[in-house]
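Presented below is the structure to which this report refers.
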Amino acid sequence: MSNKLQTIVVFCPNWVGDVVMATPVFECLRINYAGAKIIGVIRKYASGVVKDGPWFDSVIELNDKNFKGFFQAVSILRSIKPDIAFVLPNSFRSSLIAFLGGAKKLYGYQRNLRSIFLSGGPKPLMDEKGIQPVPMVEYYLALCHYLNLIPPVGTQPKLFFSKQIEKKGAKLLNRYGIKTGDMVVGMNPGAKFGSSKCWPAEYFAEVAKLIKKRWDCKILLLVGPGEDEIAESILESSSVEIINTGPDKVDLALLKYMIKNLTLLITNDTGPRHYGVAFDIPVVVIMGSTNPAYTAANLEKTVVLRKELDCSPCHEKKCPLGHHKCMTLISPEYVMEQSIRLLEKIEEK
């Protein structure tokens, strides 16, 4: 790949988990455009995911959901004068911003009527039902394959944090009474996507009881903005000590350190799940409304628990039938059993 100095903008995916799964693409672009200035374009709420990573020279925090933010993004890109734009989101809007922003070459998936803006890009795999679901890490890397770029070493996502975050995280864990070498189980009960992804709060409380009965460990309740009610429900239902991180407002940058220091993560199918994969932490995923095909990669230390029902996967934010059976049929006892098996399997290797 040419080392000619270029300015490249990379539109990151919108969801936290998808950003993590796109990090092999960021690595690929950094390898192939070593002499370029590479700028990440990312939704403001997700910027902590890529913070401190080696891929981008700078980051533009995007807020394009209204006209003001849309045209502000266009204006910023015009001032940058990008030679190339890589657009990882599938939306028409993201490619339109890159086009109006003056990108000389624009690459992304050819879908959603946006091919008119693109210089090139792969087409999604199709079958008789439409677009074929594939692991998102492979989906994003197909853009690199399309351009015949040198691929990254492996497809496992990678995340990074600064010495400052490490110091802040270590201080917080110390305040929680967690010492180096302690067994720490993280529980992540929320999901920004919607309630259809959420295992019941009382189930998390019950599995916490089972964890304490089995292991001498600390339990960290990892909650994000707007998830205080879920946290309170778990704490009220629980008969064992759970450390609630909610009052400390752990953001997505600090969350990287917290998850890296876990022994096990029990989580809904949401962004922090992929943090666990990036840091090689054993992860138990409780999945309901979403299709496991989109995340069926890098599962060496991950177990996905789901019930195969006629109505799933529905990909609805709220259960259309109102009963959430895809989640309620997964019992705390089953989650505990699978958690034990996962850790024992890893120890045997």
Side-chain angles (χ1 to χ4, degrees), residues 10-27 39-65 69 88-89 94 136-137 140 156-173 175-176 178 184 186-194 197-198 220-231 243-262 265-281 283 285 290 295 298 302:
V10 182
F11 282 71
C12 301
N14 296 326
W15 295 101
V16 169
D18 288 349
V19 175
V20 180
M21 289 186 285
T23 57
V25 171
F26 306 156
E27 181 181 355
I39 302 168
V41 181
I42 191 168
R43 291 279 168 84
K44 185 175 182 179
Y45 63 78
S47 62
V49 181
V50 299
K51 187 176 182 181
D52 301 317
W55 317 290
F56 304 132
D57 296 288
S58 61
V59 170
I60 297 170
E61 294 184 345
L62 191 66
N63 181 18
D64 62 333
K65 290 190 174 182
L88 299 185
S94 57
M136 294 308 296
V137 66
Y140 294 135
Q156 183 172 351
K158 296 175 185 175
L159 292 175
F160 302 83
F161 50 79
S162 65
K163 290 290 184 182
Q164 183 181 4
I165 288 291
E166 183 178 2
K167 185 177 180 180
K168 184 177 180 180
K171 185 177 180 180
L172 190 56
L173 291 183
R175 181 154 62 81
Y176 292 153
I178 296 173
V184 185
M187 298 196 309
N188 177 55
K192 189 175 178 66
F193 177 79
K197 279 193 172 187
C198 293
L220 273 186
L221 189 60
L222 304 168
V223 290
E227 295 172 357
D228 294 337
E229 187 175 334
I230 298 172
I243 301 167
N244 180 20
T245 65
D248 292 300
K249 307 297 180 185
V250 175
D251 61 21
L252 288 172
L254 181 56
L255 183 63
K256 288 183 281 191
Y257 180 86
M258 305 299 280
I259 287 181
K260 189 178 189 301
N261 283 274
L262 296 178
L265 173 63
I266 298 175
T267 177
N268 296 323
D269 180 32
T270 186
R273 162 196 178 174
H274 303 285
Y275 274 36
V277 173
F279 289 118
D280 211 27
I281 302 300
V283 182
V285 181
T290 44
T295 52
N298 300 299
T302 297

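Since the structure is predicted, the reported quantities are computational estimates derived from the model, not experimental observations.
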Intermediate values then yes/no, side-chain contact (heavy atoms from CB on, under 4.5 Å), Phe56 and Cys12: CA-CA 11 Å; Phe56 304 132; Cys12 301; 4.0 Å; yes

Any chance you could measure [X], atom [atom1], to [Y], atom [atom2], to the nearest 0.5 Å?
{"X": "Asp18", "Y": "Met136", "atom1": "CG", "atom2": "CE", "value": "5.0 Å"}
{"X": "Asn63", "Y": "Arg43", "atom1": "CG", "atom2": "CZ", "value": "8.0 Å"}
{"X": "Lys256", "Y": "Ser162", "atom1": "NZ", "atom2": "OG", "value": "8.0 Å"}
{"X": "Thr245", "Y": "Met187", "atom1": "OG1", "atom2": "CE", "value": "10.5 Å"}
{"X": "Ser94", "Y": "Leu62", "atom1": "OG", "atom2": "CG", "value": "9.0 Å"}
{"X": "Leu173", "Y": "Leu220", "atom1": "CG", "atom2": "CG", "value": "6.5 Å"}

Any donor-acceptor pair under 3.5 Å linking the side chain of [X] with the backbone of [Y]?
{"X": "Asn244", "Y": "Gly246", "result": "yes"}
{"X": "Lys168", "Y": "Lys163", "result": "no"}
{"X": "Tyr275", "Y": "Val20", "result": "no"}
{"X": "Lys260", "Y": "Leu255", "result": "no"}
{"X": "Ser47", "Y": "Glu61", "result": "no"}

Worked verdict on Leu88 versus Phe11 for side-chain contact (heavy atoms from CB on, under 4.5 Å): CA-CA 6 Å; Leu88 299 185; Phe11 282 71; 5.7 Å; no

Distance-minimising heavy-atom pair for Gln156 and Pro24: O-CG, 4.1 Å

Least distance between heavy atoms, Pro272 atom then Leu265 atom: O-CD2, 3.5 Å

Would a 4.5 Å heavy-atom cut-off, applied to side chains only, mark [X] and [Y] as touching?
{"X": "Pro189", "Y": "Leu221", "value": "yes"}
{"X": "Pro157", "Y": "Asn298", "value": "yes"}
{"X": "Met258", "Y": "Val250", "value": "yes"}
{"X": "Val16", "Y": "Val19", "value": "no"}
{"X": "Tyr176", "Y": "Asp248", "value": "yes"}
{"X": "Ile39", "Y": "Ile60", "value": "yes"}
{"X": "Ile243", "Y": "Ile178", "value": "yes"}
{"X": "Tyr257", "Y": "Leu172", "value": "no"}

Option passing side-chain contact (heavy atoms from CB on, under 4.5 Å) with Thr290 (candidates Val285, Thr295, Asp269):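 Answer after filtering Val285, Thr295, Asp269: Asp269.
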
side-chain contact (heavy atoms from CB on, under 4.5 Å) assessment of Phe26 paired with Val50: CA-CA 10 Å; Phe26 306 156; Val50 299; 4.0 Å; yes

Aromatic plane relationship, Phe160 with Trp55 - under 30° parallel, 30 to 60° tilted, over 60° perpendicular: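 If you compare the ring of Trp55 with that of Phe160, the planes turn out perpendicular.
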
Check: Tyr45 ring centroid to Trp15 ring centroid under 6.0 Å: no

From CA spacing to verdict: side-chain contact (heavy atoms from CB on, under 4.5 Å), Asn188, Thr270: CA-CA 9 Å; Asn188 177 55; Thr270 186; 2.9 Å; yes

